[in-house]
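Reading through the C-alpha cells given below for one structure.
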Protein chains: 2
Amino acid sequence: MAYRETPMVTQRKLAQKSGLLHAAESLVREGGFAALTIQAVASAAGVGVGTVYRYFSNKDELSTEVFRRATIREVEAVKAALSLDDSVAARLAAAAETFAQRAFAAPKLAWALIAEPVDPAVDVARLQYRRTYSALFEALIVEGVESGVLQEQIPSLSAAALVGAMAESLLGPLDHLGCNEITTAALRDFCLRAIGVTVKP
Amino acid sequence: MAYRETPMVTQRKLAQKSGLLHAAESLVREGGFAALTIQAVASAAGVGVGTVYRYFSNKDELSTEVFRRATIREVEAVKAALSLDDSVAARLAAAAETFAQRAFAAPKLAWALIAEPVDPAVDVARLQYRRTYSALFEALIVEGVESGVLQEQIPSLSAAALVGAMAESLLGPLDHLGCNEITTAALRDFCLRAIGVTVKP
DNA sequence: CAAACAAGTGAATCATGATTCACTTGTTTG
DNA sequence: CAAACAAGTGAATCATGATTCACTTGTTTG
C-alpha cells in the first residue's frame, strides 16, 4: 500500500517552509541580503543545511522568495494609498507618505529592498517590482493628465522618475535617521510638484 | 651600481597601465561589469594575468578605477552644464539634457554605471558619486531657493530625488531605445517641475 | 511489527574566479 | 659582457559559499 502524506505531515511541512522564510527574512532585516546564507538560515531555523534544500531548490529561489514577500507588502500598502477615494494629488501624497513612513519603520530592510548590492536573481526581481510600482503611478498620472489636473507629460517616464526619486531620496535619511516627518513631507511635496499638479485640492 | 628606471621604462609602464584600463573599459562597455574578469582584461590587453597584478593590487582596485574614470567624465559634463552663465532653471535643464544625451550615446556603459549589480567595492564608489551629483544639484537648489526663483524645499532631499529620478527614468528607455529627444525633453521638464521653478526664464 | 517511503542531516565536494609564485625574459649599469 | 634588478608569465592554488549524497530518523500502511 502506497505511502500517503497525512494532513499532519502536510501542515508540518508548511510550517517548516514558513519557518525557514521567517528565519531568512529576519536575517535580511538584521544584516541585509549579505547575511542571507544557507548556513545561517539553517541554524536560525534549527535545521540542517540539507533541509533547506528540501524546501527551496537553490539559494536564488529562497532569496527571491524573501524579497518578493517583503516587497509585495510594500507595494500593497502603496497601492492602498493610491486607491483612496480622493483627488489625484491627495492619492499621490498618501502614497509617497506611506512609502517613506514604512521605510523609516524598518530602515535596514528598506535599504536591503531598495539599494543593497545583491545576487543578480534578486536584482531581476527588484527591477520587476520597480516596474510594478511604476505601473501604479503611471495609471494615476494618466488619470490626472486626462482629467486636466496634471500638466502634459509622458506618464511612463514620470512614473519611473517618481520611483527613482522616492527610493534615492530616502537612502541618506535611512542611515542618518533624522526627523522622519519633515523628510516625509518634503518627499511628498517633491512628488506633487514633479507631476505638475495644476489644481490645489 | 643601482638599477634605475629610465624614462623609456617609465613611459612604457604608464602606457601599459593605460592600456589595461582601456581594455577594461571596453569590456564594461560591451558586457557591463559582469564581463570584467582579470582573465578577460589580460587577454584583451595581450598580457598574462600576472601582469595585471603588477599594475593593480587586486580586482576591486581595477574595477573601481574603471568606474571612477568613466563616472568622472559624466560628472564633469553635468558640472559644466550647471556652470553655464544662465538662470537656475536653464542650468538644471542643461544638466538633465546633458545627462540623458550622454547616456543614450553609450547605453550599455550608462547602464553599467547606473544600475548594474556589481561588486560591493564598486557599489561603494557608486554611492559616493551619487553624492557628488547630489551635491552639485544641492548647490543649485540652494541658490534658487535663496534668490526666490524656486519654491521652499529641503535642498539635500530634492537633490537626491533628482539624481534618483534621472537615473531610474532612463533605465527603461536605455534598453528599449525609442525616441531619445522626446525622452530627454520629458525628463528635463520633470526635473524643472520637481524643484518648483516659480519664474519662467 | 515490518516494509515502504519521505524528511532530516552535515561532512565532503564542487564551482567560479581571484590570487600567488617560481620561473623566464628584458633592462640597466659599470 | 655579467651582475643586479624589474617586468612578464600562467599553471597551480586558494577562498567562499552553494550544493550534493550516503546515511539516519521519522511516518504511514497493512
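What you see below is based on every heavy atom in this structure, not just the backbone, and it leaves out hydrogens, waters and symmetry mates. Reminder, nothing fancy here: chain letters follow the sequence lines and each chain counts from 1.
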How many Å lie between [atom1] on [X] and [atom2] on [N], as a whole number?
X: B:Gln11; N: C:dT27; atom1: CD; atom2: P; answer: 14 Å
X: A:Tyr53; N: D:dG17; atom1: OH; atom2: P; answer: 13 Å
X: B:Tyr55; N: C:dT19; atom1: OH; atom2: P; answer: 18 Å
X: B:Phe56; N: D:dA7; atom1: CZ; atom2: P; answer: 14 Å
X: A:Asp60; N: D:dG17; atom1: CG; atom2: P; answer: 15 Å

Could you please name the partner base of [N], counting Watson-Crick and G-U wobble pairs only when both distances are under 3.5 Å?
N: D:dC14; answer: C:dG17
N: C:dT29; answer: D:dA2
N: D:dC23; answer: C:dG8

Toward the 5' end of DNA chain D, which comes first, B:Gly48 or A:Ser57, by nearest nucleotide?
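Going by which nucleotide is closer to the 5' end, it is B:Gly48.
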
Assign each of A:Leu36 and B:Val52 to its nearest nucleotide of DNA chain D by heavy atoms, then name whichever residue's nucleotide is nearer the 5' end.
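In this pair, the answer is B:Val52.
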
What's the verdict on side-chain contact (heavy atoms from CB on, under 4.5 Å) for B:Ile195 and A:Arg193, showing C-alpha distance, side-chain angles and the deciding distance?
CA-CA 7 Å; B:Ile195 60 168; A:Arg193 286 192 305 269; 5.6 Å; no

Nearest-nucleotide comparison on DNA chain C, the residue closer to the 5′ end among A:Lys13 and B:Arg54:
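Result of the comparison: A:Lys13.
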
Quick check on DNA chain C: between B:Thr37 and A:Val47, whose nearest nucleotide comes earlier from the 5' end?
A:Val47

Tell me whether the side-chain N/O atoms of B:Arg12 come closer than 4.0 Å to OP1 or OP2 in C:dG26.
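For C:dG26, neither OP1 nor OP2 has a side-chain N or O of B:Arg12 closer than 4.0 Å.
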
Evaluate the side chain to side chain donor-acceptor pair (under 3.5 Å) criterion for residues A:Ser57 and A:Glu61: first the C-alpha distance (whole Å), next the side-chain angles of each, then the deciding distance (0.1 Å), finally the verdict.
CA-CA 7 Å; A:Ser57 56; A:Glu61 192 174 308; 2.5 Å; yes

Side-chain donor-acceptor contact under 3.5 Å, A:Gln153 with A:Ser158
yes

Name the closest nucleotide to the A:Gln16 side chain, picking from C:dG8, C:dT27, D:dT19.
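Of all the options, the side chain of A:Gln16 is nearest to C:dG8.
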
Proximal nucleotide (of C:dT19, D:dT19, D:dG8) relative to the B:Ile38 side chain:
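Of the options given, the side chain of B:Ile38 lies nearest C:dT19.
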
Atom CG of A:Leu187 and atom CG of A:Asn180: how far apart are they, to the nearest 0.5 Å?
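CG of A:Asn180 is found 12.0 Å from CG of A:Leu187.
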
